[in-house]
2 protein chains.
Amino acid sequence: MYSGGYAGRTLRINLSNKTFEEEPLPEEMARDFIGGAGFGIKHLFDEVKPGIDPLGPDNILVFAPGPFTGAGVPCSSRMAVTGKSPLTGAVGMALSGGEFPTEMKFAGWDAIIIEGRAAKPTFVAVMGRKVSFHDAAQSWGTLTFDCQQLIKNELHDQNVRVCCIGPAGEHLSKMACMINERRAVGRKGLGAVMGSKNLKAIAIRGTGTIAIASDEKYKAGRSAMLKAFKESPVLYPEFSRHGTPMVADLTGAMGVLPAKNWSATGEFVPVEGIGRDAQATRKIGREHCHDCPVGCSQLKVAKTGAYAGILTEGPDFETVYSFGSGVGIGEVDPIIAADRLADELGLDTISSGVTIAFAMELFEKGILTLEETDGIDLRFGNDEAMMKVLRKIAFRNGLGDLLADGSLAAAKRIGRGAEKYAMQVKGLELPGYDVRALKAHGLGYATSYTGADHCRSYAFQEVFGIPVPWQVDRFATEGKGKLTIWNQDVRTVTLDCATMCGFLLDMAVPATACQNTATLMEAVTGLSFTPEEVLKVGERVNNLAKAFNVREGFTRADDTLPERLMTEPLKAGASKGHVISRQDLDQMLDEYYSLRGWDVKTGTPTRAKLVELGLVYVADALKL
Amino acid sequence: MYSGGYAGRTLRINLSNKTFEEEPLPEEMARDFIGGAGFGIKHLFDEVKPGIDPLGPDNILVFAPGPFTGAGVPCSSRMAVTGKSPLTGAVGMALSGGEFPTEMKFAGWDAIIIEGRAAKPTFVAVMGRKVSFHDAAQSWGTLTFDCQQLIKNELHDQNVRVCCIGPAGEHLSKMACMINERRAVGRKGLGAVMGSKNLKAIAIRGTGTIAIASDEKYKAGRSAMLKAFKESPVLYPEFSRHGTPMVADLTGAMGVLPAKNWSATGEFVPVEGIGRDAQATRKIGREHCHDCPVGCSQLKVAKTGAYAGILTEGPDFETVYSFGSGVGIGEVDPIIAADRLADELGLDTISSGVTIAFAMELFEKGILTLEETDGIDLRFGNDEAMMKVLRKIAFRNGLGDLLADGSLAAAKRIGRGAEKYAMQVKGLELPGYDVRALKAHGLGYATSYTGADHCRSYAFQEVFGIPVPWQVDRFATEGKGKLTIWNQDVRTVTLDCATMCGFLLDMAVPATACQNTATLMEAVTGLSFTPEEVLKVGERVNNLAKAFNVREGFTRADDTLPERLMTEPLKAGASKGHVISRQDLDQMLDEYYSLRGWDVKTGTPTRAKLVELGLVYVADALKL
């Protein structure tokens with residue numbers, strides 16, 4: 001039995017009946033899935049029947065921090081939220097940090113499962129082990145920051161932590177996210193799932209503590225971790241001070257920062273207007289997640305024109321891409337303002353920015369008319385237009401209704417060849433790394449169980465190669481299957497299941513990530529793991545997620561990339577001439593499936609692999 | 001000695017030296033000035049030398065709740081903030097409610113005096129009797145709601161109460177207010193005084209309690225008060241549900257709701273678009289000040305277009321006028337959005353709305369050119385223009401710099417006859433009651449020591465006449481001197497000094513207000529007063545405030561009204577044809593000064609009157 005780390009209990013809340021119950025956390029669950037996304041995907045596969053409507057009452061949402069969360073392990077105040085994604089129809093899983101995950105553990109929960117659908121707008125208050133259901137008539141319709149304050153006032157408790165949706169989630173935009181404090185549970189439309197359940201918010205407060213199995217081992221593990229942080233040439237000197245926008249300078253120089261809906265990567269000049277130094281001119285301070293010594297969260301305030309005074313946390317690199325280069329905007333203040341607005345509306349910044357970029361390209365190409373854009377001059381670079389369309393999306397107003405379900409759904413409704421310009425995989429809009437010259441990223445986007453998701457398979461080896469020299473040829477395809485599997489499995493177990501912050505892996509401890517996780521697991525939970533066993537959990541979770549998708553009908557044909565990336569070589573910049581051809585992708589997919597032990601033809605896990613991973617019942621469910 | 005109610009201590013904070021000290025509260029001070037504005041004006045007269053720059057380090061700001069605040073007396077969680085107004089050059093005093101005033105008492109303070117000027121942006125934390133000075137580099141430049149959250153995070157205490165300025169105060173707009181939670185310390189530019197001191201915010205937390213002198217008498221007094229509330233035909237049935245916007249319907253029907261910078265009162269049709277019922281369609285809930293059973297604070301969310309999702313507390317009637325009828329806007333959502341924006345920017349809604357209306361009239365008349373408006377089509381009714389100009393004012397950007405010091409200062413800079421259209425008295429913009437058909441209101445605007453301020457002299461007898469039938473002929477001038485003195489002195493002592501909520505007086509207990517205050521004073525503080533002695537405090541404070549103004553050079557000539565109101569009769573509506581002539585005003589002023597025991601010719605308190613009020617040193621200071 002685990003003797004620390006875990007709260008030992010899962011909370012199951014049924015909104016239809018306004019009931020809740022506690023379930024013990026079995027040791028086997030802890031061993032096999034560790035926590036976070038592991039728990040979420042396990043519940044999702046086991047409890048959600050194939051083919052259900054992601055926006056119907058049969059979908060679930062699982063909020064799950066990890067075993068280190070609340071136990072004082074640096075950079076572990078994170079949680080995974082899992083459900084069936086309305087945007088992709090596949091597994092929807094997203095991570096978030098801040099204080100909410102730790103508060104969940106202090107309240108006594110390793111996971112909270114939300115089931116059913118409330119009869120009317122509701123928020124749920126979880127005060128330790130007490131759960132109450134509240135009429136959300138007051139906060140329904142409000143923006144996310146106001147909502148959090150309203151709920152604190154309504155509960156007469158300024159110390160509750162609130163995770164909520166904005167108007168986008170209420171209006172079931174498939175790009176809706178959740179917001180806790182200034183942090184998003186982004187992508188995959190999980191905010192719409194929450195909205196479909198008439199659940200405006202979860203408020204939580206805990207006063208418990210999390211036990212540590214071995215104080216001595218814990219101290220040693222923690223010290224080693226902090227030492228690795230200090231030794232990183234990037235983590236404190238750069239990343240802690242500048243956050244992720246410094247990636248824009250790097251990818252800009254590499255010629256892989258997508259611009260104007262990926263039509264002008266390498267051509268978009270003013271990286272200096274949106275990159276690290278431009279962002280630094282707007283910085284007013286930082287915020288730390290619970291127990292985080294790094295504080296990458298940059299607080300910035302816009303300075304110019306209509307945006308002066310607007311504060312945001314971020315914008316992170318992805319948002320610099322999605323509301324900046326991606327839509328042809330070369331100034332920092334509109335990006336800050338759009339980032340804040342998207343957070344307030346409860347809209348994922350990547351998906352909404354990329355979908356607006358898509359609409360901009362259609363407008364410039366004459367595929368969308370001025371009438372269809374509600375009279376908005378939707379050219380690349382028009383920041384006022386972007387702000388207007390963001391609001392329209394969240395409220396499904398005119399053009400916003402057309403775009404609210406993301407670029408692929410919009411393309412299908414528009415027809416007229418629009419789908420060619422929808423930059424997405426499985427319906428999920430592309431993150432900001434042009435895969436034509438970052439091949440492992442391409443394979444990652446194609447194969448990640450959530451769609452085009454940089455968090456599932458981020459190939460830092462093609463971008464950073466730090467702190468240990470671990471760089472690979474970013475233009476090559478060979479070996480990228482193996483690399484992607486390693487990245488996916490290591491990230492899954494360390495970041496998604498053990499819910500450690502991703503930047504640790506990328507900037508401090510990549511090579512020893514599984515060893516470190518094993519050490520900490522033993523120190524904190526008392527469960528002993530070898531590094532190989534840790535990695536196996538990552539593989540298990542990736543296989544289980546894939547199995548969910550296979551059960552939903554996904555095949556090798558879905559593990560693909562937008563046609564543009566396979567046919568239009570980069571036209572300018574340091575990666576000029578590169579493309580990720582169909583053949584490139586197929587070669588990498590063959591290697592990937594083969595090394596995964598999956599059926600290369602269908603891209604499906606084999607019975608043998610599932611049995612090896614202890615997932616016999618999954619093989620049975622898939623009739624393998 | 002007082003035995004309850006008062007904390008017994010004043011906190012004096014010097015920003016120049018980063019020092020603070022405690023001063024005991026003498027019984028004589030409590031007896032003669034009761035609290036709130038009484039304390040503030042006493043400190044202002046005694047400590048601020050004549051002729052100082054209101055935006056220089058020699059000005060002071062006095063934050064003072066009343067003796068009932070924190071003692072559980074309903075509707076007493078209010079405070080007065082006093083300093084020399086940069087907008088008028090006269091006494092600047094404004095009230096605010098919420099939780100901050102009670103927190104001040106719980107922290108142990110009857111008043112906090114801010115002196116000097118910090119070398120760099122600073123915020124002050126008052127944690128009980130501990131005071132600390134903090135670098136405000138992080139929050140400087142932020143909007144007021146974000147600022148409050150940032151400071152809570154910085155202090156690691158979500159339960160502190162924060163009163164802060166926004167960009168308007170930082171940029172020394174003479175229309176800047178302070179914001180605590182969703183509540184303003186509005187008008188008279190006290191936010192600019194705070195900005196001039198480099199003081200972004202005061203954070204406060206208290207854990208003490210306030211003693212009650214006589215539990216028995218307190219219970220009786222409190223019960224009588226709550227009974228009067230219940231018996232009011234307006235307070236709970238109407239006011240608690242709808243707040244002040246219902247006044248727009250009333251004044252609209254009476255033909256005294258000013259429209260289009262007072263050029264079209266009675267002509268402005270769509271009161272139904274902005275009045276009680278229109279507002280009710282946006283209501284999502286209420287908020288209560290500490291210990292308030294009424295909860296007039298209406299939370300509303302805009303529903304349409306670019307404003308959808310924007311929440312505000314209010315808009316109160318004055319804002320319905322200033323951002324609605326006054327600027328020719330007949331819809332509720334732009335008013336909600338402008339109210340929120342002004343709160344975020346830290347701009348007084350009345351002054352900024354009226355100043356924008358002034359600029360709109362100049363633009364329509366061709367006095368301001370399109371170039372001078374930075375290309376903004378500044379016509380009446382253009383809500384987008386209003387929002388843009390609000391932002392410009394707060395940051396002193398282009399046209400905003402021209403308007404940032406209010407309508408009178410702008411008119412003087414513009415010249416070209418613009419002053420005729422500046423609707424202000426002593427520089428303070430007019431509230432929303434057209435005095436051409438509400439003569440006591442006219443006299444009140446002319447004589448209030450703060451300028452055109454409805455809160456100092458509100459003549460409910462001309463508008464409501466409830467709950468006791470106490471109505472007067474609103475068109476008459478006779479007897480308005482006496483009425484105005486009564487209104488001023490009763491309001492000053494009960495609302496400004498004893499810091500009870502104004503709506504009590506207007507809707508529940510006007511005739512017995514001094515008796516009730518005497519009863520509560522004895523019950524809570526143990527100091528016994530007759531109703532006449534209570535009223536005398538009101539008179540004393542009004543005389544002292546007037547003496548301050550006289551010392552600053554104000555004369556009878558300053559107790560006037562905008563020329564337009566004395567020369568242009570109302571053109572339409574239920575008050576058509578009425579005007580408040582120069583002769584009307586002079587008649588009322590003669591009566592007023594005479595009954596005040598002041599010199600009728602100069603409008604100055606006499607030595608005899610000041611001696612009678614125990615203000616010999618004031619008479620000496622004025623060399624009377």
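To find a chain, count down the sequence lines: A is the first, B the second, and so on, and within it residues start at 1.
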I need the residue from A/Gln158, A/Glu181, A/Lys388, A/Met387 with the largest number of non-hydrogen atom pairs under 4.5 Å to chain B.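 Result: the option with the highest number of such pairs is A/Gln158.
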
B/Arg282 portion near chain A, given a 4.5 angstrom heavy-atom threshold: neither

Pull out the residues in residues 287-299 of chain B that come under 4.5 Å of chain A, heavy atom to heavy atom, sorted by number. B/Glu287, B/Leu299

What pairs of residues pass the salt bridge (charged side-chain N to carboxylate O under 4.0 Å, His left out) test when at least one of them lies in residues 299-310 of chain A, not counting sequence neighbours? none

Hey, are B/Ser96 and B/Asn180 close enough side-chain-wise for a donor-acceptor pair under 3.5 Å? yes

A/Lys152 versus chain B, the contacting section by heavy-atom distance below 4.5 Å: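 A/Lys152 touches chain B through side-chain heavy atoms alone.
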
Looking only at B/Thr142, B/Val301, B/Asn159, B/Asn153, most heavy-atom pairs under 4.5 Å shared with chain A are made by B/Asn159

Could you tell me which of B/Ala137, B/Ala302, B/Ser139, B/Ala306 has the largest number of non-hydrogen atom pairs under 4.5 Å with chain A?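 Looking at each option in turn, the highest pair count goes to B/Ala306.
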
Salt bridge or not for [X] and [Y], using N-O below 4.0 Å?
X	Y	result
A/Asp157	A/Arg205	yes
A/Arg340	B/Asp146	yes
B/Asp405	B/Arg396	yes
A/Lys120	A/Asp135	yes

Side chains of B/Leu403 and B/Lys392, heavy atoms from C-beta outward: is any pair under 4.5 Å? no

Counting heavy atoms not belonging to B/Glu372, are there more than 12 under 6.0 Å from its CD? yes

